[in-house]
Amino acid sequence: MTTPELRIAADNAAKMAASTQVSAMKIRGMTVSYGEKPALFSVDADFASGAMTAIIGPNGAGKSTLLKAALGIVPRLSGEVSVFDRPLSVSRDRIAYVPQRASVDWDFPTRVFDVVLMGLYRQLGLLGRVKARHRQTALECLDRVGMADFADRQIGQLSGGQQQRVFLARSLAQGADLYLLDEPFAGVDAATEAAIIAVLKELKNQGKSVVAVHHDLATVTRYFDRVLLLNVNKVAEGPVASAFTSETISQTYGGRLASAQIDQLGLLVVP
Amino acid sequence: MTELWQALTLQAGYNASLVALGAGLLGLSAGAAGSFMVLRKRALVSDAMAHSTLPGVGIAFLIMVSFGGEGRNLAGLLIGSAVTATLGLYLVDWISRRTRLAEDAAIGAVLSVFFGFGVVLLTVIQTMSAGRQAGLESFLLGSTAGMLFSDAVTIAGGGAIALAVIWLLRRPMTLVAFDAGFAQASGVNVRQTDLAMMALVMGVTVIGLKFVGLILIVALLIIPAVTARFWTNRAEALLWIAAGVGGASGYIGAAVSASAPDLPTGPIIVLIAAAIFVFSMFFAPLRGVLYAVIRHQRFQERVHLRQGLLAMARSEPIHDKMTLRLLLRAGYIRADGVATKAGAAQAAKAARDERRWTTARQVHHDSAQTGRYDGLTPIESVFTPDEIALFDEHLAGAPRS
């Protein structure tokens, strides 16, 4: 006697087993709601290991919420998350998270260097002392984002782009395998955008996985390998070449993005 | 005056010394615990909690008397105050999470209702013929009169435990205060950390009731932290400076109060803390007002020096006396007004940086950053080397796409 639920469960299990590629992060049936209106409804997603994936969708599509709910920062109504095929709690050490820049108070009494050290707190534990090698790691991470000269600055003196670089350096200090970034390019200058994308590509070349909430459709094909198109539901998912088409984009954005703009992206129209 | 000196140097007798040391330890832990509330921007929650202790004091007294016990047993009263403080805290949390009311509205409501209820209870107790009720009002504004050795030990012990917990949890608490989302993502339990923070403040509040009183304990939690902010840009330093400010206020305040027994302890401690605050506001080198005046003076000199260098680069004559004096002092010109070698080099650098800034303001997207152009700020202190290289490419006429 097989109930429909059981059959679906068996089906899902078979699908999971069949996927040959290891997922960096796998989300199944995730629903998140602020109040009575779901921000995300029953989303399944597979973020491929060793790839750079963009999460794309209009404002209010639940892009940031997807990351936050996957990490347990906002509660899920339903759904399961696994990271490198293990439960999140087991794989925490392998994740680095870069929140939106605007989510913190930049007048907080702390220096650039101390913010990067925060990436090492988990490794340090409650009692561990900050040793020379920890300082070394933090400085190296700052250097990778071109901010080594700013280590002693109070964070309130930084520009938006520099703030973003500091956040990226902090995530580098975490030494993770999966990097989740929430709008890393929002409101940053061109030089910073180039610096960030260089670091992310370097991570990818080291075999790390990168997932970024992204809002600039024009740069998707240049920056990313894969996309997840999201608008409360998942619209499409896969390699940029096959999933990021004018059809899926207009499906995601509805009437909000004129077809003329889609044409400007110069994508192949899949018949 | 001699009495105050004796009190400060612990020569005013056994009891006064006990009180001064106890208040010092209390201030130490209050300053440190309060820092986290200020950094987490929840300072006023501690005020709601402090006011919520009053009904607990009254209820505990009534219970102890009705069982035929000593109504003024300090431990019993403190347990009672902790119970209603927890209730008040829980209510603030519940109201702001379950209703659409903001936290400040919830704080206002809970604070006034609990305090009002407490005052009613105290009045009832006063009209009862229990006879030994006198002294409960001291929980409002604090008193050191009739302090027992065991009371001082309780306060010292509680303060020491609070400090130990703060030291142990300083990293997760700083992380949660700065960036709760990141903290949660990296495995810190934000809710439990917040609760620990609250528990700490509650512990300090409850043990501080006797000394400082519930109305003013919030000052001892907040003033040291905001005072410390004038002196440092680092959270960890802020924590220990705040502890020092709180400890000094408690110690000196209790000594002053002991030298003139009619003075209420709490208000004196708070006034001492406020005096340190005002001093810091004016004289702290990092963010103090006086230093800002000096900085302005230096700023003016920098403006003149820079304008002088740019004028030199353009080979314009300089007439301003201040500019000439500064250029001469820096060794950029000779007494007869002719540029020195160093002066010529500096003038050339100033002119080049000016051109870089012009380019930066054309090509850099972040107006918050290019907005920092003031003709003075060295460009390398605002932009990263790769950004400056980009400007130079633009200057050379071959911008990278």
Side-chain angles (χ1 to χ4, degrees), chain A residues 67-68 70-74 89 92-93 95-100 103-105 108-111 114-115 117-119 121-122 124-128 145-150 152-162 165 167 170-171 174 176 180 182 187-195 198, chain B residues 35 38-41 100 167-172 174-175 177-190 225 228-239 241 286-287 360 363-372 380-391 399-401:
Chain A
L67 291 188
K68 287 184 189 162
L71 289 167
I73 298 168
V74 299
S89 52
R92 252 296 170 215
D93 287 340
I95 303 174
Y97 171 58
V98 180
Q100 274 180 32
S103 64
V104 307
D105 167 21
F108 194 89
T110 190
R111 298 173 312 168
D114 300 317
V115 173
L117 268 186
M118 288 176 189
Y121 276 5
R122 194 172 160 80
L124 283 164
L126 288 181
L127 295 169
V145 299
M147 292 281 291
D149 295 339
F150 291 69
D152 289 331
R153 279 301 168 85
Q154 208 274 323
I155 56 168
Q157 299 170 354
L158 303 178
S159 75
Q162 290 168 344
R165 291 182 193 217
F167 264 16
R170 179 177 66 175
S171 74
Q174 289 182 286
L180 304 172
D182 197 346
V188 305
D189 54 282
T192 295
E193 184 157 334
Chain B
S35 299
V38 170
L39 290 178
R40 186 88 169 108
K41 303 194 170 28
R100 300 188 77 95
W167 184 81
L168 192 68
L169 295 181
R170 67 198 190 284
R171 279 184 198 140
T174 309
L175 199 53
F178 174 58
D179 190 346
F182 177 83
Q184 183 78 48
S186 54
V188 174
N189 188 323
V190 171
R229 190 69 184 90
F230 285 115
W231 297 89
T232 181
N233 271 332
R234 302 191 60 197
E236 183 149 355
L238 182 133
L239 179 63
I241 294 174
L286 195 63
R287 288 162 74 108
V363 303
H364 203 277
H365 291 209
D366 191 339
S367 60
Q369 203 59 358
T370 53
R372 286 183 59 198
E380 57 270 21
S381 74
V382 177
F383 295 103
T384 52
D386 54 323
E387 286 173 328
I388 294 174
L390 186 72
F391 305 150
R400 122 173 75 137
S401 60

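We use all heavy atoms of the structure for the numbers below, so side chains are in, but hydrogens, waters and symmetry mates are not. Note that the coordinates shown come from a computational prediction; the quantities given were computed from them, not determined experimentally. Numbered from 1 within each chain, the chains take letters A, B, ... in sequence-line order.
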- Message: Could you tell me if the side chain of B:Trp167 sits less than 4.5 Å from the side chain of A:Leu127, heavy atoms only?
- Response: yes
Paired with B:Phe182, the side chain to side chain contact (heavy atoms under 4.5 Å, CB included) test is passed by just one of A:Pro99, A:Ser171, A:Ser103, namely A:Pro99
From the list B:Val38, B:Leu39, B:Thr232, side chain to side chain contact (heavy atoms under 4.5 Å, CB included) with A:Pro109 holds only for B:Leu39
Taking every non-hydrogen pair under 4.5 Å, which of [options] racks up the most with chain B?
options: A:Asp105, A:Leu117, A:Val98; answer: A:Asp105
options: A:Gln100, A:Arg170, A:Arg92, A:Gln174; answer: A:Arg170
options: A:Lys68, A:Arg165, A:Glu193, A:Met147; answer: A:Arg165

Original post:
Any idea how A:Phe108 and B:Phe178 line up, ring-wise: parallel (<30°), tilted (30 to 60°), or perpendicular (>60°)?
Top reply: tilted
Can you say whether [X] sits under 4.5 Å from chain B via the side chain, the backbone, both, or neither, judging by heavy atoms?
X: A:Ala195; answer: side chain
X: A:Ile95; answer: neither
X: A:Arg122; answer: side chain

Taking every heavy atom of B:Pro385 against every heavy atom of A:Gly146, the minimum-distance pair comes out as CD-O, 4.4 Å
Looking only at heavy atoms, the pair that brings A:Ala191 and B:Leu390 closest together is CB-CD2, 4.3 Å
Max heavy-atom pairs within cutoff under 4.5 Å with chain A, candidates B:Glu380, B:Glu236, B:Arg229, B:Lys41, goes to B:Arg229
Residue from B:Arg170, B:Arg234, B:Gln184 scoring the most non-hydrogen pairs under 4.5 Å with chain A is B:Arg234
Using non-hydrogen atoms only, which part of [X] is less than 4.5 Å away from chain A: side chain, backbone, both, or neither?
X: B:Arg287; value: side chain
X: B:Leu238; value: side chain
X: B:Ala183; value: neither

Practice task
Apply salt bridge (charged side-chain N to carboxylate O under 4.0 Å, His left out) to B:Arg171 and A:Asp114, showing your working.
Solution key: CA-CA 11 Å; B:Arg171 279 184 198 140; A:Asp114 300 317; over 6 Å; no
* To do: Please check if the side chain of A:Gln162 supplies one atom and the backbone of B:Val382 the other of a donor-acceptor pair under 3.5 Å.
  => yes
d(B:Asn233 CG, A:Arg153 CZ) to nearest 0.5 Å is 12.0 Å
d(A:Asp149 CG, B:Thr384 OG1) to nearest 0.5 Å is 9.0 Å
Inset, instruction - Go through the steps to decide whether A:Phe167 and B:Asp179 satisfy the test side chain to side chain contact (heavy atoms under 4.5 Å, CB included), and finish with yes or no. - result: CA-CA 11 Å; A:Phe167 264 16; B:Asp179 190 346; 3.6 Å; yes
